[in-house]
2 protein chains.
Amino acid sequence: MTDFTTYTAVQHQGALPAIPDLETRATGDEDQDTRLWLRMLSCCNLIENEVRSRLRTEFQTTLPRFDLMSQLTQAPKGMKMSELSRLMMVTNGNVTGITDQLEREGLVERLKDARDRRSSLIRLTAKGKRTYRKLQQAHESWIQSLLGGTAPTTRETLFDLLGELKHATYARLPAC
Amino acid sequence: MTDFTTYTAVQHQGALPAIPDLETRATGDEDQDTRLWLRMLSCCNLIENEVRSRLRTEFQTTLPRFDLMSQLTQAPKGMKMSELSRLMMVTNGNVTGITDQLEREGLVERLKDARDRRSSLIRLTAKGKRTYRKLQQAHESWIQSLLGGTAPTTRETLFDLLGELKHATYARLPAC
DNA sequence: TATTGTTATACTCTATAACTATA
DNA sequence: TATAGTTATAGAGTATAACAATA
């Protein structure tokens, strides 16, 4: 094993350009699982960084805020904080913080749950729905322009195989 | 289009368990690119959250610090800050901050570049190399246990297709 | 003038833990 | 006792911008 030969350099020699990212740290002797992981991570980071940057500069918002609003579109009657916390995989305290921001801007509202006075239900306001629609459309066009270079068969196969991988991985998380 | 039917629920009905994550926000009417993106993102987040958590609890460190050390293993004679910044895709100021932390702990050292006195070269110390080796071994075993449930043919195909996607996406980034 | 790296600042996200109110 | 949500705290990462030293 040579610790200092980059995997990227080996694979791309004379053909494809080297991409500066996480994957360049692969050294050629990783096991196959690690190579797959680093490659998937670098794909995600390329896109995620771009999306975060555009959400910030074009809409003055963030991915977690977009995510929270997105979750709420599926619960027109409102969603409990604890449910949001579970779906977003962050702690209750963090959901409170993000909700506070969105509430101050009039994008979501807290409703009292009559059946359990400890709980509140969060839902999008009319303004929040309008705002989300714009965000979602912009997001979709960004993704299309970033991924549009991928062949449809590649995309479909990837989608299916990532589904397999996701479920295999999920089942192996200690928390499950 | 129905805005409130979750894609996850539709796809998994009666077969696979619903996984609480970003992908649950898909509503069934996204275009194929967006569906692929959300699925890839949720795969990454499942693994990344687990890795971040274990780096913190088991090694009191973080992914960017691990990443920086990892980049340095490929430059035994040292790497410039600006090169690190480019590879890690973060700003110079942030590389300075992470380097400061690692230097305080004796894991990396700054060397003066005789040819350009503005620059410094960063490299792993002996202690840093030992620490990195432990981290890398733990990381590899975590990934193997998380991805080990994936069939080898699935893994190989994913690896190749993600390579395609990565290069197609990279070419479409505005910054390029 | 441009580049390398540092410093300062402000902000978001995150985890942890203590706390209140309710069940 | 347990649960839902809030608050407080501390820390990390990030972007932006001003700055010094050097090229």
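Computed from a predicted structure; not experimentally measured.
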Among the nucleotides [options], which one has an atom lying closest to any side-chain atom of [X]?
| X | options | result |
| --- | --- | --- |
| B/R65 | D/dG13, D/dT22, C/dT6 | D/dG13 |
| B/K80 | C/dG5, D/dA15, C/dA15 | C/dG5 |
| A/M81 | D/dT6, C/dT6, C/dC13 | D/dT6 |
| B/S119 | C/dT4, D/dT14, C/dT7 | C/dT4 |
| A/P64 | C/dT14, D/dT14, D/dA4 | C/dT14 |
| B/R118 | C/dT14, D/dT14, C/dT3 | C/dT3 |
| A/R110 | D/dA15, D/dG5, D/dT6 | D/dT6 |
| A/T96 | D/dT14, C/dT22, D/dT6 | D/dT6 |

- When rounded to the nearest 0.5 Å, the distance separating CD of B/E109 from CD1 of B/I122 is 9.0 Å

Could you tell me how far apart [X] ([atom1]) and [N] ([atom2]) are, to the nearest whole angstrom?
| X | N | atom1 | atom2 | result |
| --- | --- | --- | --- | --- |
| B/Q60 | D/dG11 | CD | P | 14 Å |
| A/D100 | D/dG5 | CG | C1' | 11 Å |
| A/N92 | C/dT14 | CG | P | 13 Å |
| A/R115 | C/dT22 | CZ | P | 17 Å |
| B/N94 | C/dT4 | CG | C1' | 15 Å |
| A/M88 | C/dT12 | CE | P | 15 Å |
| A/I122 | D/dG5 | CD1 | P | 8 Å |
| B/E58 | C/dA15 | CD | C1' | 17 Å |

- Task: Please state whether the base of D/dT22 and the side chain of B/R117 form at least one donor-acceptor pair under 3.5 Å?
- Result: no

Reckon [X] touches a base, only the sugar-phosphate, or nothing at all at heavy-atom distances under 4.0 Å?
| X | result |
| --- | --- |
| A/T62 | sugar-phosphate |
| B/T91 | base |
| A/S120 | sugar-phosphate |
| A/R52 | nothing |

- Message: Taking the nucleotide of DNA chain C with the nearest heavy atom to each, does A/G93 or A/D116 sit closer to the 5' end?
- Response: A/G93

- Query: So, A/T157 side chain and A/T153 main chain: donor-acceptor pair closer than 3.5 Å or not?
  - Reply: yes

- Query: Taking only N and O in the side chain of A/S85, is any of them less than 4.0 Å away from OP1 or OP2 of D/dG5?
  - Reply: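 For D/dG5, neither OP1 nor OP2 has a side-chain N or O of A/S85 closer than 4.0 Å.
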
- OP1, OP2 of C/dC11 versus side-chain N and O of A/Q101: anything below 4.0 Å?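 So the side-chain polar atoms of A/Q101 never come under 4.0 Å of the phosphate oxygens OP1 or OP2 of C/dC11.
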
- Message: For B/E140 and B/Q136, which I'm curious about, is there any donor-acceptor pair between the side chains at under 3.5 Å?
- Response: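 B/E140 vs B/Q136: donor-acceptor pair found between side chains.
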
- Distance only, no hydrogens: is a donor on one side chain within 3.5 Å (strictly under) of an acceptor on the other, for B/D31 and B/T34? yes

- Task: Evaluate ring-ring contact (aromatic ring centres under 6.0 Å, His included) for A/F66 paired with A/F59, printing each intermediate quantity in order.
- Result: CA-CA 10 Å; A/F66 179 50; A/F59 292 98; 9.0 Å; no

- Task: Please lay out, stage by stage, how B/R56 and B/T61 fare under the test side chain to side chain contact (heavy atoms under 4.5 Å, CB included).
- Result: CA-CA 5 Å; B/R56 189 176 54 250; B/T61 191; over 6 Å; no

- Query: Which comes earlier along DNA chain D counting from the 5' end, the contact point of A/T57 or that of A/S82, where each point is its nearest nucleotide?
  - Reply: A/S82

